[in-house]
Amino acid sequence: MKLYQLIYVSKSRAPMTRAGLNKILSVAHQNNTNQEITGILVYDRGHFFQVLEGEYNDVESVFARIQVDKRHCRVNRIISHSIQRRYFEGWKMGFYNLDETEEFDFYKLKKCMKSLQDVSTISEMQNLAQYALKIFIGLKENSVSQPEDLVGG
């Protein structure tokens, strides 16, 4: 199986409540399990940053649904490429809501998320996305539970 990774950012059309985010995650978790998609979703002040991993057609199918989802606007693909291995193995859809965390560890990620909304060139977005991806991989490697366990809280 050839693996593929896609990273995108989008803006929420309306403020997201915890219940709204939980609904998105519940559906994503079920669909991703069926399509063997792994990844992570980060929400910060009305903006989404997501990494999707899986087979090319499955990842592109998920991304196509996101692009027409009325809850999103300004959906921008940042990076899509073949990968040798999954970075988020076992995470059907890891999730971090930066609006609800006060943890110091997230300062760099919050700054990166804000910067992704402010930059204008593809090159700048790709560099920031790679930086964010390194932070996410570090979070996964140091996590004792799946971040989707943090959703209901």
Side-chain angles (χ1 to χ4, degrees), residues 1-13 16 18-44 46-99 101 105-106 108-110 112-113 115-117 119 121-153:
M1 167 173 64
K2 189 171 183 180
L3 292 172
Y4 181 72
Q5 183 183 70
L6 187 148
I7 301 173
Y8 78 91
V9 292
S10 69
K11 180 158 177 41
S12 174
R13 288 194 186 274
M16 296 297 300
R18 179 182 284 245
L21 289 168
N22 282 346
K23 184 175 181 182
I24 287 172
L25 289 166
S26 176
V27 170
H29 192 270
Q30 181 178 356
N31 290 341
N32 292 352
T33 299
N34 294 340
Q35 291 184 283
E36 297 184 13
I37 299 285
T38 55
I40 187 168
L41 175 66
V42 177
Y43 179 78
D44 182 42
H47 297 94
F48 291 99
F49 181 101
Q50 187 166 20
V51 179
L52 299 168
E53 301 172 330
E55 290 191 30
Y56 174 85
N57 289 336
D58 294 331
V59 169
E60 287 294 336
S61 171
V62 169
F63 186 61
R65 284 194 308 268
I66 291 165
Q67 288 178 299
V68 298
D69 187 324
K70 300 285 188 223
R71 295 172 292 195
H72 297 273
C73 64
R74 297 194 330 221
V75 179
N76 293 309
R77 177 191 307 248
I78 299 174
I79 299 171
S80 52
H81 58 104
S82 295
I83 55 175
Q84 297 299 313
R85 64 179 179 84
R86 292 177 189 262
Y87 293 97
F88 300 98
E89 185 74 40
W91 283 11
K92 299 305 177 192
M93 190 45 57
F95 176 71
Y96 289 99
N97 182 349
L98 300 186
D99 286 354
T101 185
D105 291 352
F106 288 101
K108 289 180 183 177
L109 187 52
K110 282 180 170 253
C112 183
M113 288 288 291
S115 298
L116 274 167
Q117 303 310 316
V119 298
T121 70
I122 295 294
S123 176
E124 289 174 314
M125 288 184 91
Q126 289 175 337
N127 288 338
L128 282 169
Q130 290 290 355
Y131 176 71
L133 184 59
K134 287 179 186 175
I135 293 172
F136 299 147
I137 292 167
L139 288 171
K140 179 172 188 319
E141 289 172 353
N142 295 315
S143 180
V144 293
S145 65
Q146 289 189 346
E148 57 238 273
D149 296 338
L150 307 174
V151 174

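Just so it is clear, the structure is predicted and the values come from calculations on it, not from any experiment.
Checked by atom type, the side-chain pair Q67/Y8 shows no donor-acceptor distance below 3.5 Å.
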Next item on the list: Using the side-chain contact (heavy atoms from CB on, under 4.5 Å) rule, take I66 and L52 through it: C-alpha gap first, then chi angles, then the decisive distance, then the call.
Entry: CA-CA 11 Å; I66 291 165; L52 299 168; 4.2 Å; yes

Notebook entry, point to check: side-chain contact (heavy atoms from CB on, under 4.5 Å) between L41 and Y96: does it pass, once the steps are laid out?
Noted result: CA-CA 7 Å; L41 175 66; Y96 289 99; over 6 Å; no

Checklist line | Derivation of the ring-ring contact (aromatic ring centres under 6.0 Å, His included) call for Y4 and H81 | finding: CA-CA 6 Å; Y4 181 72; H81 58 104; 7.7 Å; no

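In summary, E53 and R85 do not engage in a salt bridge, as defined by a charged side-chain N under 4.0 Å from a carboxylate O.
Listed for the R13 side chain is a donor-acceptor partner under 3.5 Å among the backbone atoms of K70. Side chain of T33 to backbone of H29: a donor-acceptor contact under 3.5 angstrom is found. With hydrogens and angles disregarded, a donor-acceptor distance shorter than 3.5 Å links the side chain of N32 to the backbone of A28. When atom types are taken as modelled, the side chain of R74 and the backbone of S10 share no donor-acceptor pair closer than 3.5 angstrom.
Side-chain contact check for I24 versus M93: every heavy-atom pair is 4.5 Å or farther apart. Within the 4.5 Å cutoff, no side-chain heavy atoms of V62 are placed close to those of N31. K11 has its side chain out of reach of R71: every pair of non-hydrogen atoms, C-beta onward, lies at least 4.5 Å apart. With contacts defined as side-chain heavy-atom distances shorter than 4.5 Å, the pair I79/L6 does not qualify. Residues E89 and T38 have side chains not in contact (no heavy-atom distance under 4.5 Å, counting atoms from C-beta outward).
Just one residue in the list Y43, F63, F48 forms a ring pair (Phe, Tyr, Trp, His ring centres under 6.0 Å) with H72, and that residue is F48.
The distance from atom CD1 of I78 to atom CD1 of I7, rounded to the nearest 0.5 Å, is 7.0 Å. To the nearest 0.5 Å, the span separating CG on L3 from CD on E55 amounts to 7.5 Å.
Across all non-hydrogen atoms, the minimal contact from E36 to R86 is O-NH2, 2.9 Å. Nearest heavy atom pair, residue F95 against residue I40, reads N-CG1, 4.5 Å. Contact between Q5 and V51 at its shortest, heavy atoms only, is NE2-CG1, 3.6 Å.
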